[in-house]
Structure formats: C-alpha cells, structure tokens
Amino acid sequence: QVQLVESGGNSVQAGGSLRLSCAASGDTNNRLYMGWFRQPPGKEREGVASIYSYSGTTYYADSVKGRFTISQDNAKNTLYLQMNSLNPDDTAMYYCATSCGYISFRDALRPSAYKCWGPGTQVTVSS
C-alpha cells in the first residue's frame, strides 16, 4: 500500500502563491493517476488537478486553469501543486491522492475514483 503525506499548506493573502508537495512512500508502483483535490468548509470534495504518471498528461478544473500547475518528480516520488493568484475561494483542505490502480481518463478529476489518500493540508486565503 502507498502512503501519501502532503505539505506546504499555509495562510496567505489574496494574490499570493503556495506550492504544495505530496511525498509518496511504500508501494509506489501502482500510482497511475495522481491528483490534488480540495474540500472547502461545508462543501463536497472536488478535483483540482491530476496527472497521468506515465505520460505526464494533466487535467485541471476550470476554476484553477491558468493559475495552478501540477507536476511530478518521479525520482523523488513527489507530486507538486503550484498555486498562483490565490483567492479566498481557494480556501480548503487540500488532499493528494493516487488511483492505486486503473481508472478511466474520464474520471481523472473525480474524487470517488481514487483509492489512496493523504491526510490533507490546509490552505487559507484571506482577502
């Protein structure tokens, strides 16, 4: 089983930037899709960005396109999320997840498709 640990969450002013990291350990051979998800207070978890580990193909929610960038360092087994031009609507608990098996590309941003999750890191953006 793979273990995921997120880091980099913080409180920032609107317009600021943060970079989240997700370190993977354990059985990292079955990651296939890796993604970032978030859950704002009182709302459902939503997909933010994901990447197909073998090809590097990326997927983004419309709300973050042009502001967030997902990337991976396979040598370090680490996933990143660079977040720029943050606004208060980006306030949420951010989770790293991996599919831990096959999923369709159509489900790349669907939280229920992912089996393996980290504990999350809090991002708070103030106006």
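Everything quoted here is computed from the prediction, not taken from an experiment.
- Connection of Tyr80 to Tyr94 is not established within any shared hydrophobic cluster, with ILVMFWY side chains joined at heavy-atom distances below 4.5 Å, either directly or through further cluster members.
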**Study point:** Gln1 vs Cys116, side chain to side chain contact (heavy atoms under 4.5 Å, CB included): CA-CA, chis, key distance, verdict
**Key:** CA-CA 8 Å; Gln1 186 79 334; Cys116 302; 4.0 Å; yes

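- Taking CD of Gln39 as the start and CD of Gln122 as the end, the distance is 10.5 Å to the nearest 0.5 Å.
- Here Arg67 pairs with Asp90 under the salt bridge (charged side-chain N to carboxylate O under 4.0 Å, His left out) rule; sequence neighbours left out.
- When all heavy atoms of Leu20 and Gly9 are compared, the closest pair comes out as CD2-N, 3.6 Å.
- Taken from CZ in Arg19 to OG in Ser71, the straight-line distance is 7.0 Å, to the nearest 0.5 Å.
- Leu86 places a side-chain heavy atom less than 4.5 Å from the side chain of Phe68.
- Minimum heavy-atom separation, Pro88 to Ser126: CG-C, 4.4 Å.
- You'll find the side chain of Leu109 stays beyond 4.5 Å of the side chain of Glu46, heavy atoms only.
- Considering every non-hydrogen atom in both Ala14 and Ser127, the closest pair reads CB-CA, 4.2 Å.
- The CE atom of Met83 sits 11.0 Å away from the OG1 atom of Thr69 when rounded to the nearest 0.5 Å.
- Thr91 and Val125 get closest at one heavy-atom pair: OG1-N, 2.9 Å.
- The OG atom of Ser99 sits 4.5 Å away from atom CG of Leu32, with the distance rounded to the nearest 0.5 Å.
- Between Tyr114 and Phe37, the two ring planes are perpendicular [angle over 60°; tilted spans 30° to 60°].
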Exercise for review: Start with the C-alpha distance between Lys76 and Ser21, add both sets of side-chain angles, then the distance that settles side chain to side chain contact (heavy atoms under 4.5 Å, CB included), and finish with yes or no.
Suggested key: CA-CA 11 Å; Lys76 295 182 179 179; Ser21 299; over 6 Å; no

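- Under a hydrophobic-cluster definition in which Ile, Leu, Val, Met, Phe, Trp and Tyr are linked whenever side-chain heavy atoms come within less than 4.5 Å, directly or via other members, Val5 and Trp117 are assigned to different clusters.
- Remark: Ser53 OG to Tyr33 OH distance equals 9.5 Å, nearest 0.5 Å.
- Across every non-hydrogen atom of Gln3 and Gly26, the tightest pair is OE1-CA, 3.6 Å.
- Remark: Tyr95 OH to Thr121 OG1 distance equals 10.0 Å, nearest 0.5 Å.
- Between the Glu6 side chain and the Cys22 main chain, no donor and acceptor come within less than 3.5 Å of each other.
- By the 4.5 Å heavy-atom criterion applied to side chains, Tyr60 and Ile70 are counted as neighbours.
- Leu4 places a side-chain heavy atom less than 4.5 Å from the side chain of Met34.
- Of all heavy-atom pairs spanning Ala92 and Arg38, the tightest one is CB-CB, 3.7 Å.
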